[in-house]
Amino acid sequence: MVLALAVIACALVFAAATPMDRRAMVVHDSRTEPARGFVKSGLAPVASDLTLRIAMKPNNIAGLESALYAVSDPASSLYGQHLTADEVAAFVKPTNETISAVSAWLTENGISSAPVTPAGDIVEIVIPVGKANQLLSTEFSVFSHVDSSKTSIRTLQYSIPAALQDHIDFVHPTTSFTRPLTGRPQFSAVKAKPTEDAAPGSEAVPSSCNSVITPACLQAMYGIPTTPATQKSNKLGVSGFVGQYANQADLQAFLTSYRPDMASTTSFTFQSQDGGVNTQTPRSSAGVEANLDTEYTVGLATNVPVTFISVGEYGSDGVNGFMDMITALIGEPTGTRPNVLTTSYTYEETDLSRSVATTLCNTYMQLGALGTSILFSSGDGGVSGSQPQSCTNFMPTLPADCPFVTAVGATGGINETAASFSSGGFSNYFAIPSYQSNDVATYLDTLGNTNSGRFNRTGRGFPDVAAQGENFEISWTVRNRYVGGTSCSSPTFASIVALLNDELIAAGKPPLGFLNPFLYSAAGRAALNDITTGNNPGCSTNGFPATKGWDPVTGLGTPNYAALRTALGL
Ligand SMILES: *[C@@H]1O[C@H](CO)[C@@H](O)[C@H](O)[C@H]1NC(C)=O
Ligand SMILES: *[C@@H]1O[C@H](CO)[C@@H](O)[C@H](O)[C@H]1NC(C)=O
Ligand SMILES: *[C@@H]1O[C@H](CO)[C@@H](O)[C@H](O)[C@H]1NC(C)=O
């Protein structure tokens with residue numbers, strides 16, 4: 001099924017243009033150099049077409065944020081009363097003044113535009129590079145990503161008319177760089193397989209779980225029920241990017257081995273975005289992430305309908321399809337959107353401009369307000385194979401550092417300790433949200449001068465929570481090599497949220513939606529196992545230590561299903 005982006009009903013309003021000095025241009029965004037790993041290889045050919053998106057300022061994004069917290073904070077009288085798509089769009093749509101001003105500018109330059117979001121806040125234009133150079137007083141160039149040789153047309157600085165500064169958030173893609181996404185789990189070194197795997201359904205945690213993680217280990221460690229979920233409307237979405245395909249035969253083999261109590265034919269639904277496909281043959285190592293994500297959702301969230309949402313190669317939004325996917329979900333009718341969405345792909349924060357990152361984050365805010373819990377792996381510092389995240393865990397990862405998503409870090413071992421690769425830290429783009437302000441302050445006190453000057457003390461701290469992320473057995477396990485990464489942790493935590501939603505819906509209650517205000521509440525944190533040992537040294541730095549309470553390695557801790565049920569009044 002191809003999702004069409006919902007188109008706003010009302011056309012752009014063409015008001016009589018008031019005379020203004022449209023030629024007074026001001027620099028709207030600039031950066032001194034391209035993102036790490038990119039080099040400029042020449043000027044972009046002036047005749048080639050460029051697709052640009054213009055994000056107009058929403059009329060009341062602060063109002064949407066307040067509304068989101070009102071429905072997501074268990075202490076609020078509106079808790080659980082998720083917004084409708086119309087209510088969200090009313091906050092996000094630009095004012096008539098903004099629409100008129102931007103339309104007038106485009107019309108004056110003979111450019112037609114089309115909205116690409118339900119609220120109409122982002123419009124798309126297609127113009128030759130030469131015309132874009134004039135329109136934005138810039139010079140678009142070809143940049144090459146050295147490791148992959150992938151090229152893209154970008155610029156280090158662009159301008160817009162001064163009169164439009166208050167109306168436009170960004171024109172894109174311009175100063176944001178989209179590297180091939182990281183997020184593939186790592187294969188561990190060859191190690192001896194335990195003589196016996198954990199038996200499915202056993203309550204005590206088998207010692208084999210210290211070397212290899214299977215669904216039975218996670219069920220035993222976190223108390224995840226094996227009883228089938230009952231609510232057909234309760235969808236769990238799994239994001240797939242960059243040609244990652246989830247293999248049905250692999251899933252069947254996985255379930256046969258590790259969930260013999262389930263029908264081995266249990267599968268996922270496929271949903272395509274931006275021309276995404278789910279090729280089944282030939283199998284390639286490119287399928288490891290997608291297989292991991294589908295196996296540890298279908299195989300853990302027993303009988304919850306899982307949808308694998310696959311985005312075409314690089315998406316058409318200039319951010320690998322991240323924004324298009326969420327926009328499409330926002331445009332879906334209520335009742336068909338996933339209640340939980342897990343994504344195991346990340347950017348380095350500085351890849352994207354502050355304004356593009358902010359709008360992307362605000363797109364998650366919209367989907368969260370509609371009632372979807374959005375989980376991201378926090379990223380794997382220093383161990384991302386061919387795409388190292390600059391070998392430092394002081395580079396925050398996007399979108400995990402967006403305050404409106406739940407970032408999931410990794411642990412390992414039966415006596416859980418922080419995984420050394422578990423990315424975490426503090427954003428330079430997003431300020432500390434109030435739900436974690438006490439936690440961050442306490443942590444910074446404990447930290448003292450450690451890593452002083454290497455991170456932003458006023459930035460949003462991440463991750464929020466954690467789950468196992470080392471030595472996962474998947475269908476692709478060969479020669480006793482297992483996979484590891486926060487890529488394992490996010491689907492695990494998402495499955496638990498999906499099972500809780502199943503119980504909530506069965507009890508006539510709304511699904512959880514944006515999780516963080518609940519997780520950071522006294523009841524929420526009491527239902528998590530605080531991880532107090534280990535740290536995330538990444539390559540050569542000291543990293544951050546896990547401590548008692550919240551820390552930027554394992555967040556508030558790992559899930560305890562029974563305690564979460566109780567905390568939610570189930
Ligand atoms: C904005 O424009 C729409 C469509 O023309 C109109 O219905 C609405 O009343 C206008 N809103 C304001 C506040 O002027
Ligand atoms: C876990 O910790 C407990 C208490 O510290 C200890 O008794 C036990 O042996 C440990 N288990 C493993 C598998 O390390
Ligand atoms: C630190 O974080 C704050 C809050 O997001 C931000 O405003 C500020 O620009 C950041 N500082 C640096 C040096 O990036």
Side-chain angles (χ1 to χ4, degrees), residues 7-18 28-33 35-36 56-63 65 86-87 89-104 106-107 113-115 117-121 123 166-167 169-170 175-177 347-362 364-365 378 389-390 392-405 407 423-441 443-444 447 451-464 516 544 552:
V7 171
I8 52 162
C10 64
L12 289 179
V13 181
F14 288 86
T18 47
H28 197 58
D29 196 23
S30 66
R31 60 190 299 154
T32 52
E33 52 187 28
R36 186 183 64 80
M56 293 179 269
K57 283 206 193 301
N59 78 81
N60 187 9
I61 204 72
E65 185 173 343
D86 285 347
E87 286 168 342
F91 287 113
V92 176
K93 68 173 197 241
T95 63
N96 286 354
E97 189 197 352
T98 292
I99 295 173
S100 304
V102 173
S103 302
L106 295 177
T107 304
S113 65
T117 57
D121 55 320
V123 297
D166 291 340
H167 298 297
D169 274 334
F170 61 76
T175 56
S176 290
F177 288 78
Y347 286 107
E348 295 181 12
E349 193 179 60
T350 48
D351 288 356
L352 304 189
S353 71
R354 199 179 273 261
S355 58
V356 168
T358 302
T359 295
L360 178 61
C361 181
N362 289 343
Y364 297 119
M365 191 209 292
S378 70
Q389 290 185 0
S390 61
T392 167
N393 38 34
F394 297 107
M395 170 62 80
T397 47
L398 268 169
D401 64 358
C402 164
F404 309 117
V405 308
S423 262
F426 301 87
S427 172
N428 286 314
Y429 284 177
F430 303 107
I432 303 171
S434 64
Y435 58 75
Q436 63 166 202
S437 56
N438 290 340
D439 292 283
V440 171
Y443 184 80
L444 294 179
L447 194 63
N451 299 327
S452 176
R454 307 174 88 166
F455 69 95
N456 190 329
R457 297 179 75 88
T458 64
R460 134 84 160 150
F462 72 102
D464 300 296
N516 296 4
F544 291 108

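Numbers for residues simply follow the sequence, beginning at 1. No hydrogens, no waters, no symmetry mates; every other heavy atom, side chains included, goes into these values. Both counts, for ligands and for their atoms, begin at 1 and track the order of listing.
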Practice prompt. Without swapping roles, check the side chain of R36 against the backbone of T350 for a donor-acceptor pair under 3.5 Å.
Written response: no
Discussion item. Ring centroids only, cut at 6.0 angstrom: are F430 and F404 within range, meaning strictly under it?
Written reply: no
Distances under 3.5 Å, N/O of ligand 3 against N/O of the protein: list each pair and its distance.
from     : atom 1 : to   : atom 2 : distance (Å)
ligand 3 : 2 (O)  : N456 : OD1    : 3.2
ligand 3 : 2 (O)  : N456 : ND2    : 2.4
ligand 3 : 2 (O)  : T458 : OG1    : 3.3
ligand 3 : 5 (O)  : F430 : O      : 3.4
ligand 3 : 5 (O)  : A431 : N      : 3.2
ligand 3 : 9 (O)  : R354 : NH2    : 3.2
ligand 3 : 11 (N) : N456 : ND2    : 2.8
ligand 3 : 14 (O) : N428 : OD1    : 3.4

Worksheet item: Of all residues at least two apart in sequence or in a different chain, which pass the side-chain hydrogen bond (donor to acceptor under 3.5 Å, both in side chains) check with N59?
Response: none
Worksheet item: Who pairs with Y364 by ring-ring contact (aromatic ring centres under 6.0 Å, His included), at least two apart in sequence or on another chain?
Response: F376
Worksheet item: Can you list every pair that meets salt bridge (Lys or Arg N to Asp or Glu O under 4.0 Å) and has a residue in residues 429-441, with sequence neighbours left out?
Response: D439-R525
Item to complete: From the options F462, F544, F394, select the one residue that forms a ring-ring contact (aromatic ring centres under 6.0 Å, His included) with F426.
Response: F544
